[in-house]
Amino acid sequence: MTNFDSLEIRSAEARASDLAEQLPQQIARAMAAPGYGDSLRDVDATSITSVADLAALPVLRKSDLGKAQAAHPPFGGFTVKPASGFAHIFQSPGPIYEPGGVDHDWWRMGRFLHAAGIGPGDVVQNCFGYHLTPAGMIFENGARAVGAAVLPAGTGQTELQVTAARDVGATAYAGTPDYLKVILDKADAMGVQLGFTKAAVGGGALFPSLRQEYADRGITCLQSYATADLGNIAYESAAMEGMIVDEQVIVEIVTPGTGTPVAVGEVGEVVVTTLNPDYPLIRFATGDLSAVLPGESPCGRTNMRIKGWMGRADQTTKIKGMFVRPEQVAALVDKHDEIVKARVIASRDGEMDAMTVQIEAQNGDEIAFSRSVVEVLKLKGRVEVVAPGALPKDGLVIEDQRSYD
């Protein structure tokens, strides 16, 4: 199959050169958006020309968007255009409002659908929701970008979905991973033969057993990783070896609660900078965990790959009646130059909560560390100093070992 465009097969040097041109322009757009306020005031946009340069900028969190939108509805001042300049305005739980466009594959979902083998001649049964939230329109725009027809099915009314899929000759499914099985099982019960051969899924976990069940039915199922704020972030190809980062976003994997990038292969929080000129989100923290896969995809696409969704980064845990947050653990690390990394472990001592703080440090004063734990975490706990590199590289900075059974 041909590629969606030549960007997918650029060399690393060409991609870096293009980014060096695009990134300063996007930073400048963000600086002009009032929602960023003082956070980017002292930034020299022309100096931000690489992924490494982004690490000096603050992380933007969904909670920041919510606060800004409450004060300055609907978009909190983070968009370049006014609300009337967009084709759509969506509402996600929170509420959080997201803009949407219809031109030029605004959500960048066409690249994924193309990788899933969907194109002219296909009829996509789009079972993502169309009401308020953007998922339905995200996938519809992607289908338009690859020249496929769309049956805007939305969710529910499964018997009608089966009838419509048969009558219009739907060849591809778009929706959550598990709802396709609901449709197929209903079709079996009705004695209806459907023509699905492709599935493009997202918004939930695609378990290997479910993918295999679809494969046994002759349906190739691939998944994307997208959010309402950012659109498509990464996607699977037929190689099914990790998820390839979209060409119009920059993905960093950072220590949860911070903006500090982790090493390749280490689990951390997904932070995304989008190159969408209408909505310049800079270092937007998704709250999701993933890790970078080394090397390139066997399918020939050359951009960075990630492992896909590996859980949530918000590890906030209540210990002894007090919340301990990843940002506090990061503050503890920053308080001492000797500390490389720290991990808080919540456990039980009899019927009481207990807290252990493991600290990676070559040397240092354990008593001073203990004082800082109380000062920063607001709790007393046992401190264990371990050698650098001893803590697991699993993205956890707060580990809850308590059983809730």
Side-chain angles (χ1 to χ4, degrees), residues 8-13 15-16 19 50-57 59 112 115 202 205-208 211 222-227 230 232-247 249-273 283-315 326-327 329-330 333-334 339-345 358-362 386-400:
E8 295 180 347
I9 53 174
R10 285 179 290 180
S11 66
E13 293 76 18
R15 188 173 282 108
L19 185 60
S50 69
V51 179
D53 294 335
L54 284 171
L57 303 183
V59 168
F112 165 51
L206 174 59
F207 296 102
R211 195 199 306 252
L222 300 180
Q223 60 186 325
S224 68
Y225 169 40
T227 74
L230 298 160
N232 195 31
I233 298 171
Y235 61 97
E236 284 187 318
S237 70
M240 297 188 197
E241 293 191 16
M243 304 187 86
I244 303 159
V245 173
D246 183 76
E247 296 297 334
V249 298
I250 302 160
V251 169
E252 301 171 85
I253 307 295
V254 307
T255 302
T258 78
T260 305
V262 302
V264 172
E266 188 169 341
V267 179
E269 183 176 11
V270 178
V271 170
V272 180
T273 296
R283 302 201 84 200
F284 185 79
T286 64
D288 296 325
L289 292 175
S290 193
V292 173
L293 283 173
E296 296 177 358
S297 172
C299 71
R301 294 171 176 85
T302 56
N303 207 357
M304 183 179 84
R305 296 177 299 159
I306 59 176
K307 289 185 178 179
W309 188 82
M310 300 176 69
R312 291 292 294 171
D314 184 3
Q315 300 160 31
E327 304 94 284
V329 182
V333 173
D334 290 342
I339 299 179
V340 178
K341 184 191 290 188
R343 185 185 188 101
V344 171
I345 298 174
Q358 295 181 321
I359 292 174
E360 278 193 11
Q362 190 65 53
V386 300
L391 294 182
K393 295 177 173 61
D394 57 6
L396 288 180
V397 293
I398 302 174
E399 178 184 357
D400 193 347

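Residue numbers run from 1 in the order of the sequence given.
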Do the side chain of E360 and the main chain of V386 share a donor and acceptor less than 3.5 angstrom apart? no
List the steps, then state whether side chain to side chain contact (heavy atoms under 4.5 Å, CB included) holds for D394 with R343. CA-CA 11 Å; D394 57 6; R343 185 185 188 101; 3.0 Å; yes
Interatomic distance, E8 atom CD to C299 atom SG [nearest 0.5 angstrom]: 7.5 Å
Test your reading of the model: is there a side-chain donor-acceptor pair from N303 to the backbone of V245, 3.5 Å cut-off? yes
Would you check if the side chain of S224 reaches a backbone N or O of A226 as a donor-acceptor pair within less than 3.5 Å? no
What I want to check is whether the side chains of T286 and Y225 have a donor and an acceptor closer together than 3.5 Å. yes
Between R283 (side chain) and V272 (backbone), is there a donor-acceptor pair under 3.5 Å? no
Give a yes or no on whether a salt bridge exists between E247 and R15, defined as a side-chain N under 4.0 angstrom from a carboxylate O. yes
Nearest atoms (heavy-atom pairs only) where G395 meets P256: O-CG, 3.2 Å
Grab the two heavy atoms, one from S290 and one from V270, that are nearest each other, plus how far apart they are. CB-CG2, 3.6 Å
Are the side chains of I244 and R305 in touch, meaning some heavy atoms are under 4.5 Å apart? yes
Does the side chain to side chain contact (heavy atoms under 4.5 Å, CB included) test come out yes or no for I250 and L19, once each step is laid out? CA-CA 9 Å; I250 302 160; L19 185 60; 3.3 Å; yes
Here the pair of heavy atoms bringing L222 nearest to F112 is O-CZ, 3.4 Å
For E269 and G287, indicate whether the former's side chain and the latter's backbone hold a donor-acceptor pair under 3.5 Å. yes
Could you tell me whether the side chain of Q315 reaches within less than 4.5 Å of the side chain of V329, counting heavy atoms only? no
